[in-house]
2 protein chains.
Amino acid sequence: MKTDERIALAMAELLRKQGYGATGINQLARAAGAPTGSIYHHFKGGKREVAAAALRQTGAAYIQLLPLLLDAHADLAVAIEAAFAAAAEDMENTGWANMCPVGTVTAEVADTEPTLREVAAEVMGTWIDEGSRYLTTRGLSETDSRSVIFAILTAIEGAFVLARGLRSAEPFLAAGRSVAAYVASLERAERAARAAGAPGAARARAKA
Amino acid sequence: MKTDERIALAMAELLRKQGYGATGINQLARAAGAPTGSIYHHFKGGKREVAAAALRQTGAAYIQLLPLLLDAHADLAVAIEAAFAAAAEDMENTGWANMCPVGTVTAEVADTEPTLREVAAEVMGTWIDEGSRYLTTRGLSETDSRSVIFAILTAIEGAFVLARGLRSAEPFLAAGRSVAAYVASLERAERAARAAGAPGAARARAKA
DNA sequence: GTCTATAACAGGATAGAC
DNA sequence: GTCTATCCTGTTATAGAC
């Protein structure tokens, strides 16, 4: 593996465990098995630029998990609940280390590091775009898909925070149940609209 | 206002905007209108102890908002969706500054500051206890109440992160819709169980 | 209790030999 | 491209006058 890739990867690992402020250049150098100077050789912008690369890299990797996890079940609601349970298990197995550097860093430096905030926004944007595109392939309308991907992302990021603080899987399990129920209610509404009304139109909004 | 209260309050304000690592003692002293030495006079434990006090203080204040906001509507699902919309508006008006130091600090230092993590867990614990107790007064069963308060808290904390990164109210609005739909589906299930089965028992679980 | 000055140290970043 | 030594600025924390 190339040196710059090793550095960015090590940064991602440190970011998700410690956040941006607590991660030092020397610690990063040790973790990446490279001397301090090499970091500045590969990343002229220093710590900030390494962090940006790490966010982009892990952001791209994470969104690929969505179809991978959700394709496992034919019923979308069931698939979502299972995915949250899987995330909970993963997190418990890693000692409640956070699994999403993007969320951690965003919360931490959104008001103090403008460029990192922009990188985070860019990453989140791709999550929303690719995620909602996937959800339409699972039968949701476009507006519902956008709503649901936001529901999933907010629930996951929030579950990370609660689970990390409480050292408990319960936030993930509850959040998964909640989002799954939301999706089930949307599917019910869309089915009802298709059965009752004009074909190809989802005019009746989910109210009950 | 007493000096130590001013210091803790200023710390809470800085924590929610900047996080723990980026907040320095000198900056805190300036913000609180007190010299550096006074901080150590009132908080022997230094920065860490001030942060702990700030988390406890704001944590207690925040959970009081829940009944205040949700009592506004007779329909619980409607109340929840409205509360998320209100939070979105508040956040937009403050320039997307985070509104929850507990979440920010937890994500940031859960693995590096054990005592602060414990304080955060304690605060979240009171949120869950008091929140679920309130929800039972709104007619939810005890197990459903616990599920719903987790759903609300994870959705809110996650929405903070996404909204802060994207500088958009959409995460809050979508998260609110999702949790509201979840609550509506639970209420529907409990009503059906009461109508069909034994009185006072919610044996039928929400499946559809 | 309030404030100032400073100690003791760690941080990010750089220069320049190899 | 790799590594070492070092600069400079910031930090937390303290000592001690008022």
Side-chain angles (χ1 to χ4, degrees), chain A residues 1-55 57 101 104-105 108-119, chain B residues 1-55 101 104-105 108-117 119:
Chain A
M1 190 188 271
K2 285 177 124 178
T3 308
D4 54 345
E5 288 174 337
R6 250 181 24 243
I7 293 171
L9 191 66
M11 177 57 113
E13 201 76 11
L14 290 170
L15 283 181
R16 65 182 208 173
K17 284 187 205 149
Q18 308 183 338
Y20 184 75
T23 300
I25 290 284
N26 289 325
Q27 186 185 19
L28 173 63
R30 256 182 285 123
T36 323
S38 286
I39 294 173
Y40 289 92
H41 175 76
H42 293 283
F43 300 89
K44 291 172 246 176
K47 182 178 174 177
R48 218 190 322 259
E49 195 183 320
V50 181
L55 291 187
Q57 184 176 299
T104 310
V105 172
E108 187 183 351
V109 302
D111 282 321
T112 53
E113 294 279 353
T115 68
L116 283 183
R117 203 231 66 186
E118 275 168 37
V119 172
Chain B
M1 191 189 270
K2 286 177 122 175
T3 308
D4 54 346
E5 288 173 337
R6 248 181 24 243
I7 293 171
L9 190 66
M11 177 57 113
E13 201 77 12
L14 291 170
L15 283 182
R16 65 182 208 174
K17 284 186 206 151
Q18 308 184 338
Y20 183 75
T23 299
I25 290 284
N26 289 327
Q27 185 184 21
L28 174 63
R30 257 183 282 122
T36 324
S38 286
I39 292 172
Y40 288 91
H41 176 75
H42 292 284
F43 300 90
K44 288 172 248 177
K47 181 179 175 179
R48 217 190 322 258
E49 195 182 321
V50 181
L55 290 188
T104 311
V105 173
E108 186 183 352
V109 301
D111 282 322
T112 52
E113 294 279 351
T115 69
L116 283 183
R117 203 231 78 203
V119 172

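Chain A is the first sequence line, chain B the second, and so forth, proteins listed ahead of strands; every chain is numbered from 1. What's counted below: heavy atoms across the whole structure, side chains too, no hydrogens, waters or symmetry copies.
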Sequence neighbours excluded, every pair satisfying side-chain hydrogen bond (donor to acceptor under 3.5 Å, both in side chains) that has a member inside residues 43-54 of chain A: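 Every pair satisfying side-chain hydrogen bond (donor to acceptor under 3.5 Å, both in side chains) with a residue in residues 43-54 of chain A: A/Arg48-A/Glu113.
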Where at least one partner belongs to residues 29-43 of chain A, residue pairs that pass side-chain hydrogen bond (donor to acceptor under 3.5 Å, both in side chains), sequence neighbours excluded: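 Non-adjacent pairs meeting side-chain hydrogen bond (donor to acceptor under 3.5 Å, both in side chains): zero.
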With sequence neighbours excluded, residues passing side-chain hydrogen bond (donor to acceptor under 3.5 Å, both in side chains) with A/Gln57: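 In terms of side-chain hydrogen bond (donor to acceptor under 3.5 Å, both in side chains), with neighbours along the sequence ignored, A/Gln57 is linked to no residue.
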Heavy-atom protein contacts under 4.0 Å, nucleotides 4-16 of chain C, coded B base, S sugar-phosphate only, - none: B-------SBB--
Would you kindly give the [atom1]-to-[atom2] distance between [X] and [N], to the nearest whole Å?
{"X": "B/His42", "N": "C/dG1", "atom1": "NE2", "atom2": "P", "result": "7 Å"}
{"X": "B/Phe43", "N": "C/dG1", "atom1": "CZ", "atom2": "C1'", "result": "14 Å"}
{"X": "B/Ile7", "N": "C/dG1", "atom1": "CD1", "atom2": "P", "result": "12 Å"}

Angle of first-five versus last-five pair axes in the helix from C/dG1-D/dC18 to C/dC18-D/dG1, to 10 degrees: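 Computed angle between terminal axes is 0°.
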Shortest non-hydrogen separation from A/Arg6 to A/Ala34 and the atoms involved: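 Smallest interatomic distance, heavy atoms only, reads NH2-CB, 4.2 Å.
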Those residues that, when tested against A/Ala22, pass side chain to side chain contact (heavy atoms under 4.5 Å, CB included) (two or more places apart):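 For A/Ala22, the residues satisfying side chain to side chain contact (heavy atoms under 4.5 Å, CB included) (neighbours in sequence not counted) are A/Gln18.
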By side chain to side chain contact (heavy atoms under 4.5 Å, CB included) - contacts of B/Ala54 (at least two apart):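 Testing B/Ala54 for side chain to side chain contact (heavy atoms under 4.5 Å, CB included), a comparison that skips the adjacent residues, returns B/Met11, B/Ala12, B/Leu15.
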By salt bridge (Lys or Arg N to Asp or Glu O under 4.0 Å) - contacts of B/Asp4 (at least two apart):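 Partners of B/Asp4 under the salt bridge (Lys or Arg N to Asp or Glu O under 4.0 Å) test: none.
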Worked verdict on A/Thr3 versus A/Ile7 for side chain to side chain contact (heavy atoms under 4.5 Å, CB included): CA-CA 6 Å; A/Thr3 308; A/Ile7 293 171; 4.0 Å; yes
Under-4.0 Å side-chain N/O to phosphate OP1/OP2 contact, B/His41 with D/dT14: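 It does not, given that no N or O in the side chain of B/His41 lies less than 4.0 Å from OP1 or OP2 of D/dT14.
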